[in-house]
*Asks:* 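I'd like to ask some things about the structure below.
A, B, ... follow the sequence lines: proteins, then strands. Residue 1 opens every chain.
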Amino acid sequence: MRTSNLLLATLRDAPADAEIASHRLMLRAGMVRQLAAGIYTWLPLGLRVLRKVETIVRAEMDRAGAQEVLMPGVQPAELWQESGRWDKYGPELLRLQDRHQRHFCLGPTHEEIITDLVRREVRSYRQLPVNFYQIQNKFRDEIRPRFGIMRAREFLMKDAYSFHLNQESLQETYDLMYRTYSRIFDRIGLDYCAVLADTGNIGGSRSHEFHVLADSGEDRIVLTGKGGYAANIELTPAPAAGARPAATAVMAKVATAGKHTIDEVCGLLNTTPDKCLKTLIVVGKDGSPVALVLRGDHELNRVKAESLPSVRTPLAFAGAEVVRTSLGCSVGSLGPRGLNIPLYVDNAAAGVADFVCGANEEGFHLTGVNWGRDLAEPQVTDLRNICADEAAPDGKPARIARGIEVGHIFQLGTKYSEAMKAHCLDEAGRAVTLIMGCYGIGVSRVVAAAIEQNHDERGIIWPASIAPFQVALVPINMHKSERLRAAVESLYQELTAAGIEVLVDDRRERPGVMFADMELLGIPHRLVFSERGLDAGTLEYRTRRDTEDRAVPVAEALSFLRAQLISV
RNA sequence: CGGGGCAUAGCGCAGCCUGGUAGCGCACCAGCUUUGGGAGCUGGCUGUCGGGGGUUCGAAUCCCUCUGCCCCGACCA
């Protein structure tokens, strides 16, 4: 490819609203352009990368015996009503009507469609197990699309669905997919890990997420080292508290006017957050408030809270108004003592003696409060996120890292097959409900995640596996030298014939501009042509990560590059 | 959805408070000079100032309204 024939839409400045590195760089490098909130056009350069990821994913899925299909993006409401998700999915499901006022949605995922297909086409156990996959755009009307391609509303996903006669068969395919995903992310060359995960909206039992480790990740994962515990923090149990110390203080009410935050109250009362309890009011199943009590230095875990029977899903905090009218004071003065609403207390909060908490009276807190003496022994549960260095379930200290979820595999069980009556006959001729697994990879997100993990101040540094081009040829002042033009052209033909993807910068630009653009694009290898070099019979070579040039004899350029392409 | 912010040329921004008929940098086009790390000079193009309504002799500027985009959203519970 020649830059004269490529939409090289590089920008010196990124739009002001691009927050994270991958978003800025994808815009600056001319990979994508935003059309609407969370909706992007892929430009030629970006599409090359996206296709690279897709190709690797497809090859490994095929290798694992999965069969590719392509399902519709627009899906009839009937199937979603049949599975029960038409009502449960919520506003993330973009619904629309056709000219006959029939209801449809844009597919955020395809369990219903594949289950419908399989119940029609698969009749016998002899056809099982099967695993169908597709690589297709999905649409999820996210509350808040952000970070560019990372959390877009329309995005490219590989989704696969497997069907089985029994749990053992599902487990086999699940394990195979686990290995396949590992191969995929190994091949792409990302620093990733697989962790135990919550099943969320899709449903099912066992599941693993694959995370690319990066500080900009929206998820937090708990790790205890190689081969140890690895899970999303959402479902990592926090360790139980030790025995509660004996009460020593006398309960007292103190004026704390104007002090609402844990830190403010600690400052005033000369204590620390771990001696304070905070009381969060969330919306209950029936709409009435429910109190959750945590230690002042701990964080509420959303998934754990949502698993409480009397808490409404999705978790929502009660509004300030509701709190004031139903509980008689503002949120900064709440405490568990004397609250006559359902009260759930975190393990750690239940283990504190002589604690500080709000008095449920505007401008007052209580000190020296003790469970079982000043208020009833609490109903104890695990409500919080585990903290760094606390004991993980395997007993080792937890390390907490940030991750970008790029893959997720689930054992769905019979959630969809039962609701949609997907059966087939077993060896004895009995109708058996199929058992399902499902396996997703955010293909477009992988592109963004790769950039998050591989960039510097000058631009993107692509892993070779997904770079849009392997080699950039940069001629200096080519318009002045026919000899130089001929040398570039000759090597370009030679490399192309050898199957190497080359981008020749044939623009009549100054060297600085070409260097800067090629580095922004993140092309792994660069060869610079100059009159000076040709006089010496050499080209200058450097990789995207180098800062020094190496002289390479023109005649050896091809063999040299071949060797480099293998080693890098 | 709640809270906040922004909307002026392709991108980044100023002008708005205090109303007087739109500007800067980059990009783009032409020419000349340059040519090893985002060149210099000269000349040029580019705007329904997000849409609609109102106030006014006059609105980018003040008021109302709609739309779009962005940020934040337990840790004040």
*Asks:* Would the base of B:rG2 count as contacting A:Arg144 through its side chain, where contact means a donor and an acceptor less than 3.5 Å apart?
*Replies:*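 No, the side chain and the base share no sub-3.5 Å donor-acceptor pair.
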*Asks:* Scan every strand shown for a Watson-Crick or G-U wobble partner of B:rA39, both distances under 3.5 Å, and answer none if you come up empty.
*Replies:*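 With both distances under 3.5 Å, B:rA39 matches B:rU33.
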*Asks:* Would you call A:Arg542 and A:Asp549 a salt bridge, taking side-chain N to carboxylate O under 4.0 Å as the test?
*Replies:*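 Yes.
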*Asks:* So does A:Glu540 reach the base of B:rG36 with its side chain, donor to acceptor, closer than 3.5 Å?
*Replies:* yes
*Asks:* Holding to ring pair (Phe, Tyr, Trp, His ring centres under 6.0 Å), I want the full list of residues that pass it with A:Trp42, two or more places apart in sequence or in another chain.
*Replies:* none
*Asks:* Is the closest side-chain donor-acceptor distance between A:Glu234 and A:Asn301 under 3.5 Å?
*Replies:* no
*Asks:* On a plain distance test, is the side chain of A:Asn477 in donor-acceptor contact with the base of B:rG36 below 3.5 Å?
*Replies:*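 Per atom types, no contact qualifies.
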*Asks:* With the side chain of A:Ile476 defined as its heavy atoms from C-beta on, choose the nearest nucleotide among B:rG36, B:rG38, B:rA74.
*Replies:* B:rG36
*Asks:* Using a strict 4.0 Å threshold on nitrogen-to-oxygen distance, state whether A:Arg151 and A:Glu218 make a salt bridge.
*Replies:* yes
*Asks:* Enumerate all atom pairs, one protein N or O and one N or O from nucleotides 5-8 of chain B, separated by less than 3.5 Å.
*Replies:*
none

*Asks:* Within the modelled atom types, does a donor on one side and an acceptor on the other bring the side chain of A:Arg542 and the base of B:rG36 under 3.5 Å apart?
*Replies:*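 Absent.
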*Asks:* Do A:Arg384 and A:Glu390 sit within salt-bridge range, that is, some charged N less than 4.0 Å from a carboxylate O?
*Replies:* yes
*Asks:* What is the base-pairing partner of B:rA7, counting Watson-Crick and G-U wobble geometry with both distances under 3.5 Å?
*Replies:*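 Base partner found: B:rU67.
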*Asks:* What I want to find out is whether A:Arg312 reaches A:Glu306 closely enough, with some N-O distance under 4.0 Å, to be called a salt bridge.
*Replies:* no
